[in-house]
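Heavy-atom basis, side chains included; hydrogens, waters and symmetry copies ignored.
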Amino acid sequence: MGGVVHFEIPADDRERAAEFYRQALGWTLEPVPGMDYYTNVTTTPMDAQGRPTEPGAINGGMMDREPDLASPVITVDVPDIDATLKTVQSLGGSVVRPKETIPGMGHFAYFKDTEGNVMGLWENLPAGSAGQ
């Protein structure tokens, strides 16, 4: 079963949106070095590995709004993104963005379900493969 592990909020003006969420909800928002289109969103305390310390809590991100990524996205952890995307397509969904890699962390992709909702997929890198 794929658990929800991340959320993303698209924004037309990330600085304005970040300030809104800082003031409205007390979240911490920090730009990601080298990713000028993305901001990390911290909603709950994290451990040394960057995982939430509270059971069931998740953190997220904020990205520049794009035509195919115009609404908030829920991201689900899967063991194999490629296999999951094949299943999505066989069930009538479609790939919005194929698998991409964040070095040292894992892979992500976006798909559209049969109702037109965009969802995210996340696959951790295998242990010991931080250099990929």
Side-chain angles (χ1 to χ4, degrees):
M1 179 183 313
V4 174
V5 295
H6 190 75
F7 66 86
E8 291 177 315
I9 302 169
D12 296 317
D13 182 330
R14 278 186 298 122
E15 288 183 28
R16 178 181 64 208
E19 190 57 29
F20 172 84
Y21 284 104
R22 277 187 195 101
Q23 291 187 30
L25 301 177
W27 291 353
T28 302
L29 293 98
E30 299 290 334
V32 177
M35 294 175 71
D36 61 350
Y37 58 90
Y38 204 83
T39 299
N40 278 329
V41 178
T42 304
T43 69
T44 187
M46 295 183 295
D47 64 18
Q49 288 76 40
R51 288 182 235 134
T53 57
E54 297 178 26
I58 62 172
N59 289 308
M62 183 178 294
M63 73 267 194
D64 292 341
R65 188 181 314 275
E66 298 177 19
D68 286 332
L69 298 172
S71 298
V73 175
I74 298 168
T75 300
V76 178
D77 186 41
V78 296
D80 184 338
I81 283 180
D82 294 321
T84 302
L85 289 174
K86 286 179 185 174
T87 300
V88 162
Q89 291 175 300
S90 75
L91 295 170
S94 61
V95 176
V96 171
R97 185 172 294 162
K99 182 170 81 172
E100 295 181 38
T101 301
I102 298 177
M105 295 180 69
H107 311 287
F108 68 95
Y110 297 97
F111 71 92
K112 191 175 288 188
D113 69 13
T114 57
E115 309 310 304
N117 300 303
V118 175
M119 299 281 288
L121 298 173
W122 177 258
E123 176 187 338
N124 283 317
L125 287 177
S129 60
Q132 288 184 4

To check you understand the geometry: which heavy-atom pair defines the closest contact between [X] and [Y], and what is its length?
X     : Y      : value
Leu29 : Ala18  : CD1-O, 3.6 Å
Pro52 : Thr44  : CB-CG2, 3.7 Å
Pro98 : Ala109 : C-CB, 3.9 Å

Do [X] and [Y] share a hydrophobic cluster, counting only Ile, Leu, Val, Met, Phe, Trp and Tyr and linking them when any side-chain heavy atoms are less than 4.5 Å apart?
X      : Y     : result
Val96  : Met62 : no
Tyr110 : Val95 : no
Ile9   : Val5  : no

Does CD in Glu15 sit with more than 12 non-hydrogen atoms of other residues, nucleotides or ligands closer than 6.0 Å?
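At most 12 heavy atoms, drawn from other residues, nucleotides or ligands, come within 6.0 Å of this atom.
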Mind checking what makes side-chain hydrogen bond (donor to acceptor under 3.5 Å, both in side chains) contact with [X], not counting sequence neighbours?
X      : result
Tyr21  : none
Glu123 : none
Trp122 : Asn124
Asn117 : Asp113

Before giving the answer on side chain to side chain contact (heavy atoms under 4.5 Å, CB included), spell out for Glu8 and Val41 the whole-Å C-alpha distance, their side-chain angles and the decisive distance to 0.1 Å.
CA-CA 9 Å; Glu8 291 177 315; Val41 178; over 6 Å; no
Taking only residues two or more places apart in sequence or in another chain, which ones pass side-chain contact (heavy atoms from CB on, under 4.5 Å) with [X]?
X      : answer
Thr28  : Glu30, Thr42
Met119 : Ile74, Val76, Phe111
Pro67  : none

Show which side-chain atoms of residues 78-86 pair as donor or acceptor with protein atoms under 3.5 Å away, not counting sequence neighbours.
residue : atom : partner : partner atom : Å
Asp80   : OD1  : Asp82   : N            : 3.0
Asp80   : OD1  : Ala83   : N            : 3.0
Asp82   : OD2  : Lys99   : NZ           : 3.0
Thr84   : OG1  : Asp80   : O            : 2.9

Residues passing the salt bridge (Lys or Arg N to Asp or Glu O under 4.0 Å) test with Glu19, sequence neighbours excluded, are Arg22
Side chain proximity check, [X] to [Y], heavy atoms < 4.5 angstrom:
X     : Y      : result
Pro45 : Thr53  : yes
Thr75 : Phe108 : no
Ile58 : Val4   : yes
Tyr38 : Asn40  : yes

Would you call the rings of Trp27 and Phe7 parallel, tilted or perpendicular if under 30° counts as parallel and over 60° as perpendicular?
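Tilted: the ring planes of Trp27 and Phe7 meet at 30° to 60°.
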Rounded to the nearest 0.5 Å, how far apart are [atom1] of [X] and [atom2] of [Y]?
X      : Y      : atom1 : atom2 : answer
Asp13  : Phe20  : CG    : CZ    : 13.0 Å
Arg51  : Met46  : CZ    : CE    : 11.5 Å
Met105 : Leu125 : CE    : CG    : 9.0 Å

With a cutoff of under 4.5 Å between side-chain heavy atoms, which Ile, Leu, Val, Met, Phe, Trp and Tyr residues group with Leu91?
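Other cluster members: none.
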Tell me, which pairs form a side-chain hydrogen bond (donor to acceptor under 3.5 Å, both in side chains) where one or both residues lie in residues 57-67, sequence neighbours left out?
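Passing the test, one end in residues 57-67: Asp12-Arg65, Arg14-Asp64, Thr43-Asn59, Glu66-Arg97.
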Residue pairs, two or more places apart or on separate chains, that pass salt bridge (charged side-chain N to carboxylate O under 4.0 Å, His left out) and touch residues 38-47
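Sorted result for residues 38-47: empty, none.
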